[in-house]
Asker: 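Pasting in a structure now, in structure tokens, and then I'll have a few things to ask.
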There are 2 protein chains.
Amino acid sequence: MGELREPLQQLAECGLPMALEAMGERWSFMILRAAFNGVRHFEEFLSEISIARNILANRLTRLTESGILHRTPCPDDRRKVEYRLTEKGLDLLPTMIALRQWGEKWGTGVLSNPVLVDDRDRQPILPVTIRSHDGRVLGYMDLCWMHSADITPISADMHDIDDRVRKLSAI
Amino acid sequence: MGELREPLQQLAECGLPMALEAMGERWSFMILRAAFNGVRHFEEFLSEISIARNILANRLTRLTESGILHRTPCPDDRRKVEYRLTEKGLDLLPTMIALRQWGEKWGTGVLSNPVLVDDRDRQPILPVTIRSHDGRVLGYMDLCWMHSADITPISADMHDIDDRVRKLSAI
DNA sequence: AGTATAAGTTTCTATTTGCAACTTAATTTT
DNA sequence: AAAATTAAGTTGCAAATAGAAACTTATACT
């Protein structure tokens, strides 16, 4: 039975503190959600989420500084500014969906509507889960910590496994 | 091409605000990480993360109130109190790992060590992703919103598909 | 020229954070 | 049994942050 116990001294050395420095503030995830929903302009964010003007301005510059949003003055209307998600920002989607799904699962029984679906077959997406290298869903007890030096590389099989995962993903 | 654009009026009706109410505060994720690493007592949290005493006390009661931690006085040493993750708390693991992986990917090139592995075969876990009902990895552009009423149930096939996913997960 | 809009700033107040010292109850040590 | 230590908090106070409302600046429309 795996024990998920990270060496305590190294607790500070994972990516979480860095992630929280960028995303840990009160409104960051709400701003991000709006951005994912196509919101791009200051006044649009403002009317979308109930945030104070100055705080929004502050958060937008901070998210821009940390490379999550990209800020461009609009060429067609030079009063306007466009905030767009960068690749780094787009990469937060799994985190956001996972958090949202958790909120939906444990929230006050609010049947969430509308629902996120795969555009291809219009079926709801799966709950976000943790998976082993070969795609098995893993729970808390299936995980443990290892030093990367001690991991047996499966490079020979790698292509093979990638292929199997791809096949799996293409059902 | 799918457009991930949620009806704006309904932005407030997803699980995210609720999730953020419980987990959106400054130290909540760090406390959670410690809890996942087996930390259970007040003084242990205190020496693990650089948080002030009163703030920790406040966060622990709040996380307890929102059902993420469970608080029990220790029977063997009645000075001590045990904080343990509830099922609701354990269910935040995918969110936390996703956020952590993002931090590792986009952080300052810190080769994170140790690494999370599947206890069964000692191989690193996959990046947390969004998947379609049949297990395909989906990106931002593959998603769209639908009213649950408009979704064609696949209950007839359901067992079949579940089966295929299970097979996929068992490679 | 006059009004409206977009994206901020500024000012001022209220809340939250964080440090340091204090408390209370239960254990260990001497 | 008395004294010291430990665990889990509280309290008081200074500093930082959040938030509401009014103000600014540059553009654009009429």
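Chain letters run A, B, ... following the sequence lines, proteins first, then strands; residues in each count from 1. All heavy atoms count here, side chains included; hydrogens, waters and symmetry mates do not.
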Asker: Nearest-Å distance, NZ (Lys80(B)) to P (dA8(D))?
Answerer: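 Going from Lys80(B) (NZ) to dA8(D) (P), I get 7 Å.
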Asker: Determine whether a donor-acceptor pair (one donor, one acceptor, N or O, separation below 3.5 Å) exists between the side chain of Arg78(A) and the base of dT27(D).
Answerer: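 Counting by modelled atom types and ignoring angles, no donor-acceptor contact under 3.5 Å is found here.
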Asker: Please give, in whole Å, the distance from dT5(C) C1' to Leu46(A) CG?
Answerer: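 In whole Å, dT5(C) C1' lies 13 Å from Leu46(A) CG.
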Asker: So which nucleotide from dA8(D), dG19(D), dA7(C) ends up closest to the side chain of Ala52(A)?
Answerer: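 Among dA8(D), dG19(D), dA7(C), the one nearest the side chain of Ala52(A) is dG19(D).
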Asker: Got more than 12 heavy atoms from elsewhere within 6.0 Å of CD, Glu82(A)?
Answerer: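 Yes.
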Asker: Tell me whether the side-chain N/O atoms of Arg59(B) come closer than 4.0 Å to OP1 or OP2 in dT16(C).
Answerer: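 No.
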Asker: Quick one: is dA8(D) close enough that its OP1 or OP2 comes under 4.0 Å of any side-chain N or O from His41(B)?
Answerer: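 Yes, His41(B) has a side-chain N/O under 4.0 Å of OP1/OP2 on dA8(D).
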Asker: Round to the nearest Å and state the distance from Asp76(B) atom CG to dA7(D) atom P.
Answerer: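 Those two atoms, CG and P, are 12 Å apart.
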Asker: Quickly work out the Ile55(B) CD1 to dT17(D) P distance and round it to whole Å.
Answerer: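 Those two atoms, CD1 and P, are 13 Å apart.
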Asker: For the atom pair CG (Asp118(B)) and CZ (Arg131(A)), what is the distance rounded to the nearest 0.5 Å?
Answerer: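 So the CG of Asp118(B) and the CZ of Arg131(A) are separated by 13.0 Å.
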Asker: Output the single nucleotide from dA8(D), dA22(D), dA18(D) whose closest atom is nearest the side chain of Phe42(B).
Answerer: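 Closest of the options to the side chain of Phe42(B): dA8(D).
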Asker: Give the rounded distance in Å between these two atoms: CZ of Phe45(A) and C1' of dT5(C).
Answerer: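 The distance from CZ of Phe45(A) to C1' of dT5(C) comes to 18 Å, rounded to the nearest Å.
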Asker: Let me spell it out: for each of Arg79(A) and Arg26(A), pick the nucleotide of DNA chain D with the closest heavy atom. Which residue's pick is nearer the 5' end?
Answerer: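 Looking at DNA chain D, the more 5' nearest nucleotide goes with Arg26(A).
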Asker: With respect to Asp91(B), which candidate in Trp106(A), Trp102(A), Tyr140(A) satisfies the side chain to side chain donor-acceptor pair (under 3.5 Å) definition?
Answerer: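 Per the side chain to side chain donor-acceptor pair (under 3.5 Å) rule, the option paired with Asp91(B) is Trp106(A), out of Trp106(A), Trp102(A), Tyr140(A).
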Asker: When the distance from CD of Glu43(B) to P of dT6(D) is rounded to whole Å, what number comes out?
Answerer: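 Glu43(B) atom CD is separated from dT6(D) atom P by 10 Å.
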Asker: Calculate the interatomic distance between Leu60(B) atom CG and dT17(C) atom P; express it in whole Å.
Answerer: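 One finds 14 Å between P of dT17(C) and CG of Leu60(B), rounded.
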Asker: OP1, OP2 of dG8(C) versus side-chain N and O of Tyr83(A): anything below 4.0 Å?
Answerer: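 True: Tyr83(A) side-chain N/O within range (under 4.0 Å) of dG8(C) OP1/OP2.
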Asker: How long is the gap from CD1 on Ile97(B) to CG on Leu126(B), to the nearest 0.5 Å?
Answerer: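 Going from the CD1 atom of Ile97(B) to the CG atom of Leu126(B) covers 12.5 Å.
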Asker: Please tell me if Trp27(A) has a side-chain N or O lying less than 4.0 Å from either OP1 or OP2 of dG19(D).
Answerer: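 Yes, Trp27(A) has a side-chain N/O under 4.0 Å of OP1/OP2 on dG19(D).
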Asker: Taking for each residue the nucleotide of DNA chain C bearing the nearest heavy atom, is the 5' side occupied by Asp77(A) or by Asn54(A)?
Answerer: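 Looking at the nearest nucleotide for each, Asp77(A) comes out on the 5' side.
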Asker: Rounded to whole angstrom units, what separation is found between the CD atom of Glu44(B) and the P atom of dA7(D)?
Answerer: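 Whole-Å distance recorded here is 10 Å.
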Asker: If you look at every heavy atom in Phe36(B) and Gly89(B), which pair is closest and at what distance?
Answerer: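 Of all heavy-atom pairs spanning Phe36(B) and Gly89(B), the closest is CZ-O, 3.7 Å.
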